[in-house]
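First comes the structure, then the notes that go with it.
For ligands, and for the atoms within them, numbers begin at 1 and follow the listed sequence. Residue indices begin at 1 and follow the sequence shown.
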Amino acid sequence: MRSSQTNASTGAAGRAFAPGDAGPEAAERKERIREEARSLGFGAVGFASASEAPYAERLRTWLAAGRHGTMRWMARDPARRSDPRAVLAGARTVISVTVPYYRGDWPENGEPGSPEATAQAPRGRIARYAWGRDYHKRIRRKMKLLARSIAALNPDARWLAYVDTGPLLDRAWAERSGVGWIGKNTNVIVQGRGSWTFLGEILTDLEIEPDQPARNHCGTCARCIAACPTGAIVGPYELDARRCISYLTIEHRGAIPLELRPAIGTRIFGCDDCQEVCPWNRFAVKTVDPDFAERPEQQTPELIPLLSLDEDGFRARYQGTAIARAKRAGFARNVAVALGNLGDRRSIGALAVALAQDPEPVVRGHAAWAIGRIGGQAARVALGEAAGREISREVLAEIHTALDSCSDAASTSLMEGDSRP
Ligand code: SF4
């Protein structure tokens with residue numbers, strides 16, 4: 001996401017530097033930018049020379065293997081992704097920054113699936129980065145302020161600022177600029193602070209002395225690879241996004257592959273498992289930045305009310321949050337999967353309503369899957385009725401698969417002596 005571009009002076013005091021200045025002046029301007037970044041609340045700050053992007057070749061291989069799934073925007077304009085000078089002509093420096101967002105432990109009701117949570121209404125789990133308001137706007141505002149301090153060093157300096165979705169390989173630049181290394185889970189880990197952090201970059205034509213690239217400290221650890229519920233970390237530093245729960249629940253539109261749905265558990269927006277187990281995250285410090293204050297209803301929300309949100313209801317609840325990115329249909333699809341995985345028969349009524357009335361086939365289809373996974377007589381009735389009125393072929397296929405799984409579950413129950421309806 002491009003934030004802004006300027007060559008206007010802010011009128012701030014200080015000696016002006018020419019873009020190509022080197023030597024003591026370059027070191028001085030670096031310290032001034034670093035101080036300014038810290039005063040604005042950025043965590044780590046690092047500098048790298050703008051040249052061909054690190055890991056550009058690895059990106060090409062990853063894309064060629066189709067591991068980006070349906071995120072076609074990642075494959076767009078590879079020349080710009082590979083070299084920041086194709087993004088900002090004359091760019092000399094990439095400034096990488098981090099913005100920590102760690103907010104402490106999950107709430108008391110927080111481990112969905114735990115006995116305490118199960119006794120209450122069914123709840124889902126939302127990734128930590130989405131616990132508060134949309135971070136893009138907050139970070140973009142800070143980045144603009146930082147960029148203005150660069151403009152104060154030289155009124156002719158040109159810059160572009162990006163948060164998260166720009167054409168730069170943000171993790172690669174964070175590593176090269178010394179901010180943190182890319183761990184085996186493919187997240188950037190800041191030494192002594194962990195990986196609960198957003199990344200941002202400022203490209204500028206100012207010459208600034210580069211920092212040393214970050215050293216990798218994963219060592220022999222492989223916890224993240226073992227912890228990934230869907231096996232998406234197919235090897236050290238190798239993520240297959242098509243299996244990643246964050247991709248499946250946020251970026252992916254359409255049906256979630258049947259074989260991956262059970263492993264999604266109660267995660268309805270993103271997944272943090274590969275970071276939760278990372279030993280470096282023991283050092284995370286809770287941010288007090290009010291911009292990232294959590295909203296309890298955005299951590300482990302009750303699932304059933306979410307299933308019936310229409311477009312207006314979804315917008316009213318999630319506009320201005322990262323969750324809006326999943327769109328209403330994708331989010332309701334995820335909610336249905338979580339309800340199916342919880343297996344709580346109290347949710348069959350709400351799922352049956354979604355199966356009958358939701359305008360989106362993808363939601364109806366996943367509601368059918370969830371009902372089949374919960375099973376029982378009420379599930380068979382709901383699915384049977386839906387089979388008689390559904391016109392979408394893809395939803396009908398889901399209904400018949402769900403009916404089959406109900407039958408399988410019923411025969412297993414009978415064999416085990418379970419006489420529940
Ligand atoms: Fe590296 Fe271990 Fe963290 Fe994975 S869990 S990123 S291997 S330190």
Side-chain angles (χ1 to χ4, degrees), residues 43-46 48 53-55 58-59 61-62 65 67-69 71 74 96-106 110-111 113 125-131 135 164 168-201 211-251 260 263-265 267 269-287:
V45 185
Y55 303 120
R58 188 185 285 191
L59 174 70
T61 308
W62 188 77
R67 287 186 167 163
H68 57 303
M71 295 185 287
M74 295 191 85
S96 293
V97 294
T98 66
V99 183
Y101 63 81
Y102 181 68
R103 294 291 298 181
D105 291 335
W106 286 84
E111 287 302 326
R125 189 164 18 166
I126 287 176
R128 289 176 180 273
Y129 81 84
W131 283 2
Y135 60 95
D164 193 30
L168 300 180
L169 300 179
D170 53 359
R171 286 170 293 170
W173 285 108
E175 187 175 83
R176 182 177 279 180
S177 64
V179 155
W181 77 94
I182 300 175
K184 289 177 189 170
N185 60 9
T186 72
N187 289 296
V188 167
I189 303 172
V190 180
Q191 191 163 12
R193 296 183 207 178
S195 63
W196 305 118
T197 189
F198 299 118
L199 300 175
E201 303 83 39
D211 289 320
Q212 287 296 314
R215 284 184 51 213
N216 188 301
H217 295 280
C218 281
T220 57
C221 175
R223 289 185 199 187
C224 52
I225 298 174
C228 179
T230 51
I233 308 173
V234 292
Y237 316 104
E238 293 281 341
L239 180 80
D240 189 337
R242 295 168 298 185
R243 299 185 69 84
C244 174
I245 294 173
S246 288
Y247 162 78
L248 291 169
T249 59
I250 301 172
E251 303 294 340
L260 296 178
I264 288 175
R267 300 168 190 84
F269 185 87
C271 173
D272 288 326
D273 287 26
C274 66
Q275 298 189 82
E276 298 281 4
V277 298
C278 180
W280 289 100
N281 278 332
R282 288 189 206 131
F283 302 108
V285 176
K286 186 174 172 179
T287 178

**Prompt:** Rounded to the nearest 0.5 Å, what separation is found between the CG atom of Asp272 and the CG atom of Asn185?
**Reply:** 11.0 Å
**Asked** Judged by atom type as modelled, is there a donor-acceptor pair below 3.5 Å linking the side chain of Asp170 to the main-chain atoms of Leu199?
**Response** no
**Asked** Is a donor on one side and an acceptor on the other found under 3.5 Å between the side chain of Arg103 and the backbone of Tyr129?
**Response** no
**Asked** So how far is it from Arg171 CZ to Asn187 CG, rounded to the nearest 0.5 Å?
**Response** 7.0 Å
**Asked** What protein N/O/S atoms sit under 2.8 Å from atom 3 (Fe) of ligand 1, by chain and number?
**Response** Cys278 SG
**Residue of the set Tyr102, Tyr101, Trp196, Trp106 for which ring pair (Phe, Tyr, Trp, His ring centres under 6.0 Å) holds with Trp131** = Trp106
**Prompt:** Got Trp181 and Gln191 here, is their nearest side-chain heavy-atom distance under 4.5 Å?
**Reply:** yes
